[in-house]
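These notes are about the structure you will find just below.
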Amino acid sequence: MESRTAKEQDNDSGRITSQMLKLRTGEFDLESILFLKLRGLGLSELGCIGDCSNLERLDLSNNYIVHLGPLSSLKMLVALNLSCNRISSLEPLASCENLQTLNVAGNLLCSIDELQCLKGLRRLESIWLRDPVYNLSNPLCNTGSYRHAVLDAIPSVRVIDGERVSGCGSDLYHLCKDIDNSLKRFMGAGLVDMPGSVRPWVEEGYWDVTPAQSGLIEETYKQFNEVLQECKELSKRADDTIAQAERALNIRSEPSSFVF
């Protein structure tokens, strides 16, 4: 039986290698890689991922990753998906100064103290620690007040678990939810006497904001705009080239100015 290919060996070892990245992206130079999707490959070691110095968007979800050390050199990283792994420390991400979106739902983060290392990331606006849609969470989410603690730990954050918790648009959400909770408490304590069966004035879960756009959807939208821009530029170049060719053909087809 023939020996297995290097790609199969890389997948079996669970380690990211230069050959694996080049095969998956078609790039000859790791520094040319801007986007990487390594979802569900059984990876446990990040290997040479740190050599992708210009990487902007990275999906490492659904793997067996524990240590994030190699990610510390990814200064250009904007969006990072680490959901459903075995991560208990985010310390290496402290140097990812351009990070804006981080998904670490479904890991082993036990304390808010594990988020203190992200305090210096001034561009970090969205973080996922819990994803109710896919039933992913972290031990630190067991306390109901963990979102307030997250805001104290990372002041730049505006969106937690897909819900806007600060900034424009958050006040109305919190006000309505507080009113609804207060009414439910009054009704449950029998302080409100109403004829007939007592029911909430809105349906259960009405004020719960569902994650309409996940970090991956935002990333896809950005990638689409970038590809669209490239297509426009290519179209313009093609039009210029065609115009130049037509002018050249017109010059050649002009009759000679000499009369015999």
Side-chain angles (χ1 to χ4, degrees), residues 5-7 10-11 16-41 43 46-63 65 68 70-85 92-93 95-105 121-128 131 133 156-159 162 164 167-168 211-251:
T5 64
K7 182 179 179 181
D10 287 342
N11 287 338
I16 295 177
T17 65
S18 175
Q19 184 177 8
M20 174 195 293
L21 297 179
K22 291 178 180 179
L23 285 172
R24 295 188 68 85
T25 63
E27 298 286 353
F28 293 99
D29 187 354
L30 297 186
E31 293 183 355
S32 300
I33 300 175
L34 300 180
F35 315 108
L36 259 181
K37 185 175 182 179
L38 303 175
R39 176 186 177 90
L41 298 181
L43 300 173
L46 295 178
C48 64
I49 192 72
D51 294 335
C52 304
S53 56
N54 291 311
L55 194 61
E56 295 180 2
R57 295 178 177 85
L58 175 61
D59 184 357
L60 289 168
S61 58
N62 286 282
N63 284 294
I65 298 168
L68 303 179
L71 298 183
S72 62
S73 59
L74 302 181
K75 309 295 183 181
M76 305 301 293
L77 199 61
V78 173
L80 176 60
N81 187 350
L82 293 169
S83 62
C84 202
N85 277 282
L93 301 184
S95 58
C96 299
E97 54 194 27
N98 285 303
L99 193 62
Q100 298 177 14
T101 301
L102 175 63
N103 189 344
V104 288
L121 301 181
R122 298 182 178 180
R123 298 186 179 184
L124 182 60
E125 294 187 352
S126 176
I127 185 170
W128 291 72
D131 189 340
V133 175
S156 61
V157 167
R158 297 290 179 267
V159 179
R164 180 167 288 277
C168 181
Q213 288 188 333
S214 66
L216 289 179
I217 294 178
E218 296 175 358
E219 295 167 27
T220 303
Y221 180 76
K222 292 180 181 179
Q223 292 180 34
F224 173 80
N225 284 335
E226 292 171 356
V227 172
L228 181 61
Q229 185 62 34
E230 291 178 2
C231 291
K232 290 181 179 179
E233 293 175 359
L234 289 174
S235 177
K236 185 177 183 301
R237 293 177 186 174
D239 291 340
D240 293 340
T241 302
I242 293 172
Q244 292 176 4
E246 290 177 346
R247 287 196 296 269
L249 290 173
N250 289 335
I251 293 174

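Please read these numbers as outputs of a predicted model, since none were measured by experiment.
Arg122 is linked by a side chain to side chain donor-acceptor pair (under 3.5 Å) to nothing, counting only residues two or more places apart in sequence or in another chain.
The two residues Glu56 and Phe35 come nearest to each other via the heavy atoms OE1-CE2, 4.3 Å. Between Lys37 and Arg24, the shortest heavy-atom distance links the atoms O-NH2, 3.5 Å. The two residues Glu31 and Asn54 have their closest heavy-atom pair at O-ND2, 2.8 Å. Here the shortest heavy-atom pairing between Lys75 and Asn98 reads O-ND2, 2.8 Å. Nearest heavy atom pair, residue Leu102 against residue Leu82, reads CD1-CD1, 4.4 Å. The heavy-atom pair separating Leu30 from Ser18 by the smallest distance is CD1-OG, 3.9 Å.
The side chain to side chain contact (heavy atoms under 4.5 Å, CB included) with Leu58 is formed by just one residue from the set Leu34, Leu77, Ile33; it is Leu77. Tested against Asn103, the residues Cys84, Ser126, Ser83 include a single side chain to side chain contact (heavy atoms under 4.5 Å, CB included) partner, Ser83.
Judged purely by atom type and a 3.5 angstrom limit, Asp51 has no side-chain atom pairing as donor or acceptor with the backbone of Ile49. A donor-acceptor contact shorter than 3.5 Å links the side chain of Ser156 to the backbone of Leu124. In this structure a side-chain-to-backbone donor-acceptor pair under 3.5 Å is present from Thr241 to Arg237. In terms of modelled atom types and a separation under 3.5 Å, the side chain of Asn81 and the main chain of Arg39 share no donor-acceptor contact. Side-chain N or O atoms of Ser95 include one that pairs as donor or acceptor with a backbone N or O of Ser72 at under 3.5 Å. Panel note: side chain Asn85, backbone Ile65; a donor-acceptor pair is recorded below 3.5 Å.
Distance check: Leu43 CG to Ser61 OG gives 10.5 Å after rounding to the nearest 0.5 Å. Atom CZ of residue Arg57 and atom CG of residue Leu36 lie 12.5 Å apart, to the nearest 0.5 angstrom. Taken to the nearest 0.5 Å, the CG atom of Asp240 stands 4.5 Å off from the NZ atom of Lys236. Taken to the nearest 0.5 Å, the CG atom of Leu99 stands 6.0 Å off from the CG atom of Leu121.
The closest side-chain heavy-atom distance from Arg123 to Glu97 is not below 4.5 Å. Contact of the Leu21 side chain with the Cys52 side chain is registered, since non-hydrogen atoms from C-beta on lie closer than 4.5 Å. Residues Asn225 and Gln229 form no side-chain contact, since every pair of their non-hydrogen atoms from C-beta on lies 4.5 Å or further apart. With contacts defined as side-chain heavy-atom distances shorter than 4.5 Å, the pair Leu74/Leu80 does not qualify. Counting heavy atoms from C-beta on, the side chains of Leu46 and Leu60 come closer than 4.5 Å.
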